[in-house]
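See structure below.
Reminder, nothing fancy here: chain letters follow the sequence lines and each chain counts from 1. Atom set for the values below is all heavy atoms of this structure, side chains included, hydrogens, waters and symmetry mates excluded. Note that the coordinates shown come from a computational prediction; the quantities given were computed from them, not determined experimentally.
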Protein chains: 2
Amino acid sequence: MEEGISTEEKILKAAEEVFIRDGYDGSRMQDIADVAGINKALLHYYFRSKDKLFEKVFDAKIQGFFPQVDEVFNQDILFIDKIYFFIEGYIELLRKNPYLPLFVLNTVNSKDKSEFIKKLPIQLSRKVAESYQTDLKKGRVRMLNPAQFIISLMGMCIFPFLAKPILLDMFQADNVTFDALMQDRIQELKTYIKLILQP
Amino acid sequence: MEEGISTEEKILKAAEEVFIRDGYDGSRMQDIADVAGINKALLHYYFRSKDKLFEKVFDAKIQGFFPQVDEVFNQDILFIDKIYFFIEGYIELLRKNPYLPLFVLNTVNSKDKSEFIKKLPIQLSRKVAESYQTDLKKGRVRMLNPAQFIISLMGMCIFPFLAKPILLDMFQADNVTFDALMQDRIQELKTYIKLILQP
DNA sequence: CTTAGATTTAACCAGATGGTTAAACTTTTT
DNA sequence: AAAAAGTTTAACCATCTGGTTAAATCTAAG
């Protein structure tokens with residue numbers, strides 16, 4: 001654990017690591033303290049409870065689950081190009097935060113944290129749908145169900161990171177080849193999207 | 001809890017419910033005993049430990065994560081039709097077992113159960129790839145990366161069930177409309193697959 | 001320098017947890 | 001019917017867990 005950062009920050013970094021690795025139920029306050037290199041009582045001094053600490057970590061990480069769509073979708077460009085940019089951005093983001101999807105999905109699926117769903121900055125569906133309708137009217141894209149399209153797009157981006165251990169086994173891959181696969185996947189998904197969208 | 005079934009079966013049913021609902025770390029042996037309507041000591045009498053009980057449940061459920069692909073892929077039909085059958089079968093299966101994906105993915109991603117990956121009956125990738133090559137040679141399908149295709153196919157089938165709470169919020173849906181969306185999704189995915197595969 | 005406020009420490013706490021034990025009870029076998 | 005085997009129970013156990021407490025230590029302010 002590095003010098004020069006506050007105890008609060010040490011705790012947040014350690015908590016993030018442990019919560020992501022072990023999940024909420026599997027995480028121990030003593031483990032977080034050990035990783036942070038501090039006395040366990042400080043966790044309560046600074047954050048009051050395990051719940052609140054988790055919430056703080058979740059709040060910090062959640063902003064990354066849905067990348068800022070404004071920059072992409074407010075541009076005056078073709079819908080399909082917006083989707084390309086989205087794919088590039090999202091897969092890059094997931095490559096840097098490969099454990100994020102499972103962390104978020106576990107949280108929103110857990111029964112005592114389902115209200116955390118309200119914390120998700122979900123503008124994606126609206127932005128995509130509006131942008132899609134614009135291009136549909138101009139005959140630039142095929143008619144399809146925007147909701148289903150968004151689900152598919154997200155599924156194709158996110159799923160491999162969730163299923164990484166399975167895919168490593170399935171394709172006799174290691175971390176290096178998996179990452180290359182994810183790199184290649186950007187182009188692959190663009191191809192699919194083009195085939196699906198072009199009228 | 002029903003009459004006429006053995007204590008062992010009672011425990012397995014209850015354990016399945018609780019492990020799926022709360023995850024391994026979040027599950028308590030007393031909870032499982034309560035759901036089963038038995039004394040907690042019986043869990044150890046019949047299954048020796050929480051670990052072993054979990055493994056038994058996992059073994060039972062895992063067979064369903066990858067549906068039997070033999071029936072579908074051994075048929076002498078077009079590759080694309082095989083994929084259609086796969087989609088129908090898999091989405092139906094997931095609609096009946098909506099919590100299964102998260103259960104499995106959590107298990108294979110957890111650090112002390114990663115060896116469970118070996119229990120997955122993974123013939124899917126090989127079957128799909130072989131079948132795809134056959135049709136490729138006959139010019140029935142477009143050239144693409146089979147691994148990426150499989151990942152996408154599975155992602156589009158599985159992801160919505162993992163992200164259900166998010167999607168409910170995102171699309172202002174409830175359980176009924178979500179299920180209808182999953183029903184409709186079969187046709188939608190077939191459309192995508194057709195567009196992607198046709199030469 | 002002293003005081004006040006902030007931070008940290010080590011010990012402690014009540015309840016929870018997976019698991020154990022021995023006795024009681026039930027079913028099967030002889 | 002009695003004995004043996006199998007099942008169940010209630011109590012118990014050592015350890016773990018999130019959290020608390022009061023004293024010690026550190027830092028900032030006057």
Whole angstrom value for the distance that separates P of dC16(D) from CE of Met29(B): 18 Å

Leading and trailing nucleotides of DNA chain C with any atom under 4.0 Å from heavy atoms of chain A: dA6(C) to dA10(C)

Salt bridge (charged side-chain N to carboxylate O under 4.0 Å, His left out) partners of residues 75-93 of chain A, not counting sequence neighbours, each pair once: Glu88(A)-Lys190(A), Glu92(A)-Arg95(A)

Whole-Å distance separating the NZ atom of Lys40(A) from the C1' atom of dG19(D): 6 Å

Whether Phe54(B) and Phe58(B) hold their rings parallel, tilted or perpendicular, with breakpoints at 30° and 60°: parallel

Residue pairs fulfilling salt bridge (charged side-chain N to carboxylate O under 4.0 Å, His left out) with at least one residue in residues 122-137 of chain B, sequence neighbours excluded: Asp70(B)-Lys127(B), Arg126(B)-Glu130(B), Asp135(B)-Arg140(B)

Return all side-chain donor-acceptor pairs below 3.5 angstrom for residues 35-47 of chain B, not counting sequence neighbours, or 'none' if the list is empty.
{"residue": "Asn39(B)", "atom": "OD1", "partner": "Ala41(B)", "partner atom": "N", "Å": "2.9"}

Sugar-phosphate only, base, or nothing, as touched by Ser6(A) at under 4.0 Å among non-hydrogen atoms: nothing

Contacts of type ring-ring contact (aromatic ring centres under 6.0 Å, His included), residue Phe73(A), not counting sequence neighbours: none

Protein-nucleotide distance (Gln30(A), atom CD; dT15(D), atom P), rounded to Å: 17 Å

Pairs satisfying side chain to side chain donor-acceptor pair (under 3.5 Å), at least one member in residues 24-36 of chain B, at least two apart: Tyr24(B)-Asp51(B), Gln30(B)-Asp34(B)

Euclidean distance, atom CD1 of residue Ile38(A) to atom P of dG18(D) [Å, nearest integer]: 14 Å

Table of protein N/O atoms under 3.5 Å from nucleotides 5-8 of chain D N/O atoms:
{"residue": "dT7(D)", "atom": "OP2", "partner": "Tyr45(B)", "partner atom": "OH", "Å": "2.9"}
{"residue": "dT8(D)", "atom": "OP1", "partner": "Thr7(B)", "partner atom": "OG1", "Å": "2.7"}
{"residue": "dT8(D)", "atom": "OP2", "partner": "Thr7(B)", "partner atom": "OG1", "Å": "3.4"}
{"residue": "dT8(D)", "atom": "OP2", "partner": "Tyr46(B)", "partner atom": "OH", "Å": "2.6"}

Residue list, salt bridge (charged side-chain N to carboxylate O under 4.0 Å, His left out) with Glu16(A), at least two apart or on another chain: Lys61(A)

Residue pairs fulfilling ring pair (Phe, Tyr, Trp, His ring centres under 6.0 Å) with at least one residue in residues 137-183 of chain B, sequence neighbours excluded: none

